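Input: a single structure, listed below in structure tokens.
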Amino acid sequence: MFHIVQYRPLRLITQNSLSKICLKLMFSRLVTFEWIPKSWFSSHSLVGNKNIILMGPPGAGKTTVGRIVGQKLDCPVIDIDDDVLETTWNMSVSEKLQDVGNEQFLEEEGKALLKFSASGSVISLTGSNPMHTAGMQHVKRNGIVVYLDVPTVVIMSRLKSMKVDRIVGQGPATSLKDILQFRKQFYKRWYDIRVLCGGNMAAEIVAEKVLDAVKRYQNSEVETYVSTRSTQKNSHKYFSDVVVEGLASDGGLFVPERGLPEFTAEEWQTLIEATYAERSQVILERCIHPADIPASKLREIIGTAYGENFTCSKIAPVRHLTGNQFLLELFHGPTASFKDFALQMMPHIFAYCIPRSCNYLVLVATSGDTGSAVLDGFSRLHGADKQRIAVLSFFPEDGVSPIQKSQMIGCQKENAWSVGVKSDFDFCQTAMKKIFTNSDYTGYLTVEYGTALAAANSINWARLLPQIVYHASAYLDLVHQGIIAFGDPVDVCIPTGNFGNILAALYAKMMGIPIRKCICASNENNVLTDFIRTGIYDLRGRKLVPTFSPAIDILKSSNLERYLHLIADGDGQLVTQLYDQLENQGHFQLRKDLLEKLQQDLVAGWCSEEDCLAAIHSVYSTTGYILDTHTAVAKVVADRLQDRTCPIIISSTAHYSKFAPAILRALRITEIKQNPLSQLHLLSSYSPLPPVHWGLLETLKKNENEGHRVCAADLNMLMSCIETLIQKHFMKVF
């Protein structure tokens, strides 16, 4: 005989960067047995005294999958329909439904569930069990709820073949499809784990996926992160840690130790009909362990991030431009740039992950779009989160467009501030890294003010992760529109400065999206173009050139380090050597084998200022559509480098409204007023496509006369500015 009581460590809070204290809640496990075969025990220990509870719509295969899982684990299998309801009622489920009707049936079913108790079993729920709150709360207390997520079209086909034309809750005026869609809200409310089930997936395969998912759920310790410069095997962190810490203590960037999860083609195809928020939920659930953020909390965060704050219900629509070129419109968020996709979500992730015992000041260096996006995102926090989390954005005072500057000033709130720096973006970004790695300074702020520093630039993993979603979603949209079949390749062309957006596309490719080539588009600050073509990253003698596309006016591309770590197979020592050489000598060169790997993924080109403006004029003249300056850079490079054998998705990373003077010049409008609001009204008078961004208009209207602080290009001055703002917002610790 044997008895198993489950043991599972559950991470509650992140490691505090100062105290290095990590609290854990432990449930002890006692194991006594005479003899258990090793292979059997490794499976059965997944269950212990907990139940595996299979949930999903009728026709999802819960009963069949449950039997297979139970057989593999050699544990009891309970089908609620057959073993509980019909036994309790002494009649068939269909007879009961006919006898009492829909509403009373759900109540009777819930009562039966409340009286039911089991442990160490595999339980297959009915399709309607999740609609009874008290009953589900009861069974969930001692179980792990696994949602068998089968596409509605597949369920309808199965029910038709089973000759099922009516299910619980369906009335005369309600179609089968409508009730299946209605029920999804209840399934999404209760599950701990989701298993994507394609239409032709055999029950045995689904059962294996269930076991793998439960195993992952039980073992939160395996999904860890390492620094790109780490040379120690035991220097890993968890998701919550890397969100809070932002930059590794050795100066490197955090990456998943075991890489990102890969989806099968069948799994991706289950998302073709899904909304953007649904796609985001599924993808991020696989990238963030539920011990860090449970599925229910993640759904709440995603619902907040991608709701009415976006002007387009599709969130990231794909629009045909011309020929085989398509635009991925990433400017429908509140601040009109692709940065909103991460920064409407990251503040809520950050607030969930941080300890409650400390204030946090989030620092960000921006070349334009990040500033307003991070200010807007963190200002949307509520209650206590808004009181204990503030954000400070540094931007090059003369290195952003007038509208971008007005927008950053206008996005300032009680917990969100902007500071202009009399230098360029590279200085701002380098200064941030130096501040974060200055342990004396950060320790002083923590001890004196109870305030820790955190980063919101794309060096923070929580900034990068949501960007993977829109590259995957764009591909799925082309499949949904019938432009391609799943599996057909596409190229993507992305205006690139800090390498985060294009890295997200490369990650989407690793996860199974059939992206063939990622085209890196630069402006006249074309250090990345030279690097991708030659393998030599050379900053010697280069000076940053201000352009019409300021968000990519960058010479030191931070996220490139993550990609180099990837193609170097996680060789932190090599990455350290390369970046030490870049810091000390101003250049480095890749080995030949690494350059060959890089060039399998990437091609690159750059665009002059004249060609950028000409592209805006040409596209407007032929289509009536206005590209922003960054998208125009990508359009020019795509025209030059695409081979036209497959569709190409061009990332439209910002709304043209943010760069009105350059757009007016490109459209050959000579009378350009200096006032940003007047410039937008002038553009609007041309009835452009897409229309002028309403959120930007509203921000400028409300904040025409507000000012901001300007700081000299001196590290000590920046540190003094940080301390002054902490003194104003946070209470001093005595």
Side-chain angles (χ1 to χ4, degrees), residues 4 6 8 39-83 118-127 129-130 136 139-140 142-151 154-155 158 183-184 186-220 222-223 261-271 281-283 285-291 294-296 298:
I4 301 177
Q6 186 189 28
R8 179 170 183 260
S39 60
W40 185 91
F41 178 77
S42 63
S43 295
H44 193 80
S45 63
L46 288 175
V47 181
N49 68 332
K50 288 276 188 181
N51 299 310
I52 294 178
I53 304 167
L54 301 182
M55 178 185 70
K62 301 181 294 293
T63 300
T64 305
V65 172
R67 288 172 183 160
I68 297 171
V69 171
Q71 186 177 26
K72 288 178 178 290
L73 297 179
D74 194 23
C75 65
V77 177
I78 301 169
D79 183 84
I80 296 296
D81 257 339
D82 296 341
D83 302 324
S119 64
S121 303
V122 178
I123 301 171
S124 299
L125 298 177
T126 73
N129 279 153
M136 282 303 295
V139 296
K140 188 177 168 71
N142 192 40
I144 302 167
V145 180
V146 182
Y147 174 29
L148 302 186
D149 190 357
V150 185
V154 174
I155 290 295
R158 290 179 184 176
R183 283 189 180 187
K184 283 187 176 182
F186 300 99
Y187 302 143
K188 292 174 181 178
R189 176 182 177 184
W190 295 112
Y191 74 88
D192 298 302
I193 307 168
R194 183 202 306 260
V195 171
L196 294 176
C197 307
N200 300 316
M201 194 173 290
E204 290 81 3
I205 295 175
V206 176
E208 287 295 338
K209 287 166 68 73
V210 168
L211 290 170
D212 288 343
V214 172
K215 190 180 296 182
R216 177 196 178 223
Y217 183 83
Q218 295 286 69
N219 189 3
S220 63
V222 298
E223 293 189 19
E262 187 172 351
F263 286 65
T264 65
E266 203 164 23
E267 287 175 327
W268 281 121
Q269 288 175 82
T270 66
L271 299 178
Q281 176 84 22
V282 171
I283 293 168
E285 279 176 7
R286 295 275 284 270
C287 296
I288 303 171
H289 196 280
S296 58
L298 186 60

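Side chains are part of it too, since the values below use all heavy atoms of this structure and drop only hydrogens, waters and symmetry mates. Treat the numbers as computed from the prediction; the structure is a model and nothing was measured.
In this structure, CG in Asp79 is found 8.5 Å from NZ in Lys62, a value given to the nearest 0.5 Å. The CG atom of Leu196 sits 9.5 Å away from atom CH2 of Trp268, with the distance rounded to the nearest 0.5 Å. Atom CG of residue Leu211 and atom NZ of residue Lys209 lie 12.0 Å apart, to the nearest 0.5 angstrom. Note that the OH atom of Tyr217 and the CD1 atom of Ile52 stand 12.0 Å from one another [nearest 0.5 Å]. Rounding to the nearest 0.5 Å places NZ of Lys184 at 6.5 Å from CG of Asp149. Note that CD1 of Ile283 and CD1 of Ile288 are 11.5 Å apart. Values are rounded to the nearest 0.5 Å.
Side-chain contact between Arg286 and Arg194: absent, with no pair of heavy atoms (C-beta onward) separated by less than 4.5 Å. Within the 4.5 Å cutoff, side-chain heavy atoms of Val210 are placed close to those of Leu54. Between Val146 and Met55 there is no side-chain heavy-atom pair separated by less than 4.5 Å. Val77 places none of its side-chain heavy atoms less than 4.5 Å from the side chain of Asp83. Annotation: side chain of Arg189 is not in contact with side chain of Met136 (no heavy-atom distance under 4.5 Å). Taking 4.5 Å as the limit, every side-chain heavy atom of Asp192 sits out of range of all side-chain heavy atoms of Pro290. Between Val282 and Phe263 there is a side-chain heavy-atom pair separated by less than 4.5 Å. Put simply, the side chain of Asn51 does not reach to within 4.5 Å of the side chain of Val139, judged on heavy atoms.
Tested against Arg183, the residues Pro57, Pro58, Pro130 include a single side chain to side chain contact (heavy atoms under 4.5 Å, CB included) partner, Pro58.
Across all their heavy atoms, Thr270 and Cys197 have their closest contact at CG2-O, 3.9 Å. For the pair Gly120 and Pro76, the tightest heavy-atom approach, listed with the atom from each and the gap, is O-CD, 3.5 Å. For the pair Ile53 and Gly143, the tightest heavy-atom approach, listed with the atom from each and the gap, is CD1-CA, 3.7 Å. Contact record, Arg158 with Gly61: NH1-N, 4.4 Å, taken as the closest heavy-atom pair. Summarising the geometry of Ala118 relative to Asn142, their closest heavy-atom pair is O-ND2, 3.2 Å, with the distance given to 0.1 Å.
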With side chain to side chain contact (heavy atoms under 4.5 Å, CB included) as the test, would you mind laying out the steps for Cys75 and Val122 before giving the verdict? CA-CA 7 Å; Cys75 65; Val122 178; 3.7 Å; yes
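Aromatic ring orientation, Tyr147 versus Tyr191: tilted (interplanar angle from 30° to 60°).
The main-chain N or O of Trp190 is found under 3.5 Å from a side-chain atom of Lys140 such that the two form a donor-acceptor pair. Of the possible polar contacts, none joining the Gln218 side chain to the Val214 backbone as a donor-acceptor pair under 3.5 Å is found.
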For residues 200-208, run the donor-acceptor check on the side chains, cut-off 3.5 Å, and write out each pair with its distance to 0.1 Å, sequence neighbours left out.
from   : atom 1 : to    : atom 2 : distance (Å)
Glu208 : OE2    : Lys72 : NZ     : 2.8

